[in-house]
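Because the structure is predicted, anything quoted here is derived from the model rather than measured.
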Amino acid sequence: MNSVERIEIVLPGKVEPEGLELHRGPVPVPAAGQVVVAMEATGVSFAEQQMRRGRYYDQPPFPFVPGYDLVGTVLTVGEGVDRGLLGTRVAALTKTGGWASHIALDAADVVAVPAGISAVDAETAVVNGITAWQMLHRKARVRAGQTVLVHGANGGVGSVLVQLALAAGAQVIGTASPRHHDALRALGVTPVDYRSGDVPARVRALAPGGVDAVFDHVGGEGIVGSWRLLARGGTLVSYGSAATRDDEGSGASPVLKLLGRVWLWNWLPNGRSAYFFNIWAGRAYAKDRFRARLRADLTQVFAALRSGEITAKVAAEIPLARVCEAMRLAESGTVAGKVVLVP
């Protein structure tokens with residue numbers, strides 16, 4: 001690759017993966033307070049799967065460059081930025097823009113990746129790790145001895161979530177297809193086949209008194225079953241609407257419905273609570289606090305990765321130019337962990 005050329009993947013509209021476009025152009029120049037990062041790893045998350053269908057609830061207008069997060073090396077710095085950042089490996093949460101060989105970012109938005117963690121391994125723990133950490137510790141506040149239910153325990157967020165919950169001393173029940181059950185048992189998770197009939201009944205048999213927390217990325221009507229599984233004092237954390245990924249119509253509608261249910265359930269006098277988790281909450285009106293929290297939590301996630309409390313689950317490493325293949329694989333439902341794009 002020519003060092004002065006930027007490659008980016010553009011989502012031009014509602015297209016099949018083959019409709020993604022590869023564009024070339026100049027490497028960006030950092031403005032004051034910015035750094036330019038040479039991407040070493042970015043990922044395919046569920047958000048991009050929704051975006052290409054026009055169903056991510058606050059995606060920008062087409063065309064745009066997707067890419068929710070990335071890991072890379074600081075190539076150049078703008079005015080007012082510490083030159084000590086040059087050559088540093090950093091991670092960033094971007095929401096869009098990560099599917100590019102080079103990206104300009106505010107220096108305040110990048111977090112150093114500790115030595116000893118590869119770019120690809122670190123990438124698996126950025127959006128997935130932050131989401132899992134904040135849901136577990138900031139929302140549900142899970143403690144040792146509690147029992148939690150993680151839907152999609154083999155997925156990108158789910159696989160990190162179960163490991164963090166186990167490290168916190170919780171008992172973990174995880175839904176997944178049978179081919180992932182042995183790997184989950186090896187971790188210490190009690191697996192439940194999400195396609196084998198009445199999942200709530202199977203979970204009740206394992207936790208007759210209810211569970212202390214449920215982490216639900218599925219949404220749809222199944223969220224009601226998740227709520228009913230909570231013990232008194234328990235917490236439901238909803239963080240997606242995977243059940244409606246392939247629906248037609250507004251991408252905001254499933255989220256608004258979830259928000260309405262959460263609001264209603266929190267009014268019920270039964271000691272249980274519900275949240276719809278939004279990783280970007282607070283950024284618009286408290287940017288400094290948002291950045292400090294993100295930096296603190298991602299630092300904790302990287303420490304857990306380096307210590308072995310969590311392990312990087314890489315489903316595949318695929319070159320950026322073959323993003324169509326990567327998207328197809330991520331959407332297939334056949335892989336465990338994260339599909340990572342590399343330069």
Side-chain angles (χ1 to χ4, degrees), residues 46 49-50 131-132 135-136 139-140 142 145-163 165-166 170-247 253-277 331-336:
F46 188 73
Q49 298 174 36
Q50 291 179 304
T131 300
M135 291 194 303
L136 189 77
K139 293 299 184 185
V142 168
Q146 293 188 323
T147 299
V148 304
L149 170 64
V150 177
H151 287 296
N154 64 290
V157 174
S159 61
V160 180
L161 192 48
V162 298
Q163 293 177 85
L166 290 165
Q171 303 294 313
V172 181
I173 302 168
T175 67
S177 59
R179 65 177 169 273
H180 300 297
H181 286 192
D182 286 345
L184 288 171
R185 286 191 191 96
L187 288 174
V189 176
T190 302
V192 171
D193 182 359
Y194 74 92
R195 294 179 298 187
S196 63
D198 191 347
V199 169
R202 291 173 179 269
V203 174
R204 283 191 202 99
L206 294 168
V211 297
D212 298 292
V214 181
F215 301 94
D216 188 312
H217 72 299
V218 182
E221 293 306 311
I223 198 76
V224 177
S226 291
W227 171 254
R228 290 173 177 166
L229 285 170
L230 290 176
R232 185 170 184 84
T235 303
L236 167 65
V237 186
S238 169
Y239 66 104
S241 53
T244 64
R245 184 191 72 177
D246 296 321
D247 291 357
S253 178
V255 174
L256 292 174
K257 191 170 184 179
L258 281 171
L259 287 171
R261 278 180 160 147
V262 164
W263 180 85
L264 175 63
W265 285 334
N266 281 327
W267 274 94
L268 297 177
N270 56 21
R272 296 179 288 181
S273 56
Y275 296 96
F276 182 78
F277 179 78
E331 294 190 4
S332 69
T334 63
V335 297

_Which atom of G174 lies closest to which atom of V189, heavy atoms considered_ = N-CG1, 3.6 Å
_Side-chain touch W227/R272, heavy atoms, less than 4.5 angstrom_ = yes
_All side chain to side chain contact (heavy atoms under 4.5 Å, CB included) counterparts of L258, not counting sequence neighbours_ = I223, S238, S241, F276
*For residues 224-238, pull every pair meeting salt bridge (charged side-chain N to carboxylate O under 4.0 Å, His left out), keeping only residues two or more places apart or in separate chains.*
none
_Minimum heavy-atom distance V262-A274, with the two atoms named_ = CG1-O, 3.3 Å
_Would you compute the distance between atom CE of M135 and atom OH of Y239 and round it to the nearest 0.5 angstrom?_
4.5 Å
*Can you list the residues that meet the side chain to side chain donor-acceptor pair (under 3.5 Å) rule with S273, with sequence neighbours excluded?*
T235
*List the atom of D216, the atom of S226, and the distance in Å for their closest heavy-atom pair.*
OD2-OG, 2.6 Å
*Calculate, to the nearest 0.5 Å, the distance between atoms CG and CG belonging to L206 and L149 respectively.*
9.5 Å
*Pair listing, side-chain hydrogen bond (donor to acceptor under 3.5 Å, both in side chains) test, anchored in residues 255-266, at least two apart*: E221-K257, E221-R261
_Nearest heavy-atom neighbours spanning P200 and D198_ = CD-OD1, 3.0 Å
_Give me the atom names and distance for the closest heavy-atom approach of L236 to L230._
N-CD1, 3.6 Å
*asked:* Tell me which pairs pass side-chain hydrogen bond (donor to acceptor under 3.5 Å, both in side chains) where either residue lies in residues 199-215, with sequence neighbours left out.
replied: S196-R202
*asked:* Tell me whether the count of non-hydrogen atoms from other residues, nucleotides or ligands lying under 6.0 Å of CD in Q171 goes above 12.
replied: no
*asked:* Contact between K139 and F277 at the side-chain level, heavy atoms closer than 4.5 Å - yes or no?
replied: yes
*For D193 and P178, work out which heavy atoms get closest and say how close.*
OD2-CG, 3.4 Å
_Selection residues 173-189 - residue pairs positive for side-chain hydrogen bond (donor to acceptor under 3.5 Å, both in side chains), sequence neighbours left out_ = H151-T175, N154-H180, D182-R185
